[in-house]
Protein chains: 2
Amino acid sequence: MKKKNVSAELVAKKANVSQSTVSRVFTPGKSVSEETKQKVLKVANELNYKPNALARGLITNKSKLIGLAMKNKQNPFYHEVLALFTQKLKQFGYSVLFVYTENEEIQQEEINQFIEFNVEAIIITDAVLSSDLVKKLKSSNIPVMLFNRYDETLNCNSVSSDNIFATRSVAEYFYNQGYKHNLYVSGQHNTSTNRDRLYGFRQYFSEKNKI
Amino acid sequence: MKKKNVSAELVAKKANVSQSTVSRVFTPGKSVSEETKQKVLKVANELNYKPNALARGLITNKSKLIGLAMKNKQNPFYHEVLALFTQKLKQFGYSVLFVYTENEEIQQEEINQFIEFNVEAIIITDAVLSSDLVKKLKSSNIPVMLFNRYDETLNCNSVSSDNIFATRSVAEYFYNQGYKHNLYVSGQHNTSTNRDRLYGFRQYFSEKNKI
DNA sequence: TTGTACGCGTTATCAG
DNA sequence: CTGATAACGCGTACAA
């Protein structure tokens, strides 16, 4: 049994138009007469035709893929983050290439998956990237975004909450309740998130104690 | 600024070999002399060349992509499942195209992402697929696997635990402890998982009570 | 508005 | 073992 993929070429033949016309029908914004458009869509539907994203990505050099790397498999928060990213990106016509890292640092191997599939951008959540890899990605012109983590030395985009402000608020609350000496129990030390939280907490108390 | 992708062609030129030779170097099992292999690899490394998975997938008709659909963003169990699948699949050279469904049933739109990227198989976790879509996928020759859920009417592969046995064991335990009348608190009713669990629990007690 | 011809980067095929 | 050439399915100048 032969697996014959339905291509734009086949649709074109059955609809008595050229392949480029079929292509235009499936590319928003291209000018096609309403009449031929309906004719093509009808045939395409019958044949269950869908444009091949691989071929499209190859010719346009836009894969419509976003690489998403994630480390933590315990923290449920990140699962929700993944879901939200995926959902939102779909609205913009992007699909998610998911990569899971066991190690603390993302490895070359994982990044290779991204590069080979020509992802248009990379989102890194809850993991670290060596400056070496960032450099390689820069030279490949692939933007990198850090989520909930940042690193001044890497200079790439990042979005995260203001953890210093957050723990300052917590500290303030305790302080006003009359607790002057508090213990801070932290998560992993090597993340900007936890460093900031500790910093904010300490900062507030040291300021108050000076007065 | 022009974004020039390093292609096998470019590597070939710099290494004084044909483009097909470069291709062979990056295809395990193809015969290339050790000498030229090293020569090519050296140039490829300098140029930071990586084969383009889109082009490869196009010609081989093997995208090396597995579609993974998931619904539940609350249950941390499924996050771990995702991580494990991703990790294991990578070992076999596959990457994961992740799709998140808000709805109970997977929609045509989500399946389209899979078809367009020519995924080689689809794994569905914690969600339902209409028999209509299954039929379409069958005709596209894309295998579907259900994880932790099954459906006799759909006849596609599935892997899940023996929930009937599991709750029978629980029931047995309670019974032997002397608790003869128990309340079963269930999850969502419309899943095979919860149906089986309830069934096993009930079954055990009704058998015992007959005696 | 539509068709022709070419190219994207790769693997497959066939000669040599 | 190696090279030339076709094909994969699509988008896009260019011409009509």
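Just so it is clear: chains get the letters A, B, ... in the order the sequence lines come, proteins before strands, and each one is counted from 1.
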N/O (side chain, [X]) to phosphate O (OP1/OP2, [N]) under 4.0 Å:
X	N	answer
A:Ser31	C:dT1	yes
A:Ser33	C:dT2	yes
A:Lys30	D:dT12	yes
A:Ser20	C:dT4	no
B:Ser23	C:dT10	no

Least distance between heavy atoms, A:Met70 atom then A:Tyr78 atom = CE-O, 3.3 Å
Kindly give the heavy-atom pair with the smallest separation between A:Ser140 and A:Ile115, and that separation in Å.
-> OG-CD1, 4.4 Å
Report the nucleotide, chosen from [options], that has the shortest atom-to-atom distance to any side-chain atom of [X].
X	options	value
A:Ile59	D:dG9, C:dT4, D:dT2	D:dG9
A:Ala8	D:dT2, D:dC10, C:dG9	D:dC10
B:Thr27	C:dT11, C:dG9, D:dA13	C:dT11
B:Val17	D:dG11, D:dG3, C:dG9	D:dG3
A:Arg24	C:dT10, D:dA13, C:dG9	D:dA13

Using a heavy-atom cut-off of under 4.0 Å over every strand shown, decide if [X] touches base, sugar-phosphate, or nothing.
X	value
A:Lys62	nothing
B:Phe26	nothing
A:Val32	sugar-phosphate

Roughly how many Å is it from [atom1] in [X] to [atom2] in [N], rounded to a whole number?
X	N	atom1	atom2	result
A:Leu58	D:dC8	CG	P	14 Å
A:Leu10	D:dG9	CG	C1'	12 Å
A:Tyr49	D:dG9	OH	P	10 Å
A:Lys50	D:dC8	NZ	C1'	20 Å
B:Leu54	C:dT11	CG	C1'	15 Å
B:Arg56	C:dC8	CZ	P	19 Å
A:Phe117	C:dT10	CZ	P	13 Å
A:Glu9	D:dG11	CD	P	13 Å

Is the backbone N or O of A:Leu54 less than 3.5 Å from a side-chain atom of A:Asn52, with the two atoms forming a donor-acceptor pair by type?
-> yes
Which of these, B:Leu68, B:Val81, B:Ile124, sits in a side chain to side chain contact (heavy atoms under 4.5 Å, CB included) with B:Phe147?
-> B:Val81
Where do A:Lys136 and A:Gln108 land on the side chain to side chain donor-acceptor pair (under 3.5 Å) test, with the steps shown first?
-> CA-CA 10 Å; A:Lys136 272 191 189 168; A:Gln108 173 76 51; 3.0 Å; yes
So, are B:Lys39 and B:Glu35 salt-bridged, with charged N and O less than 4.0 Å apart?
-> no
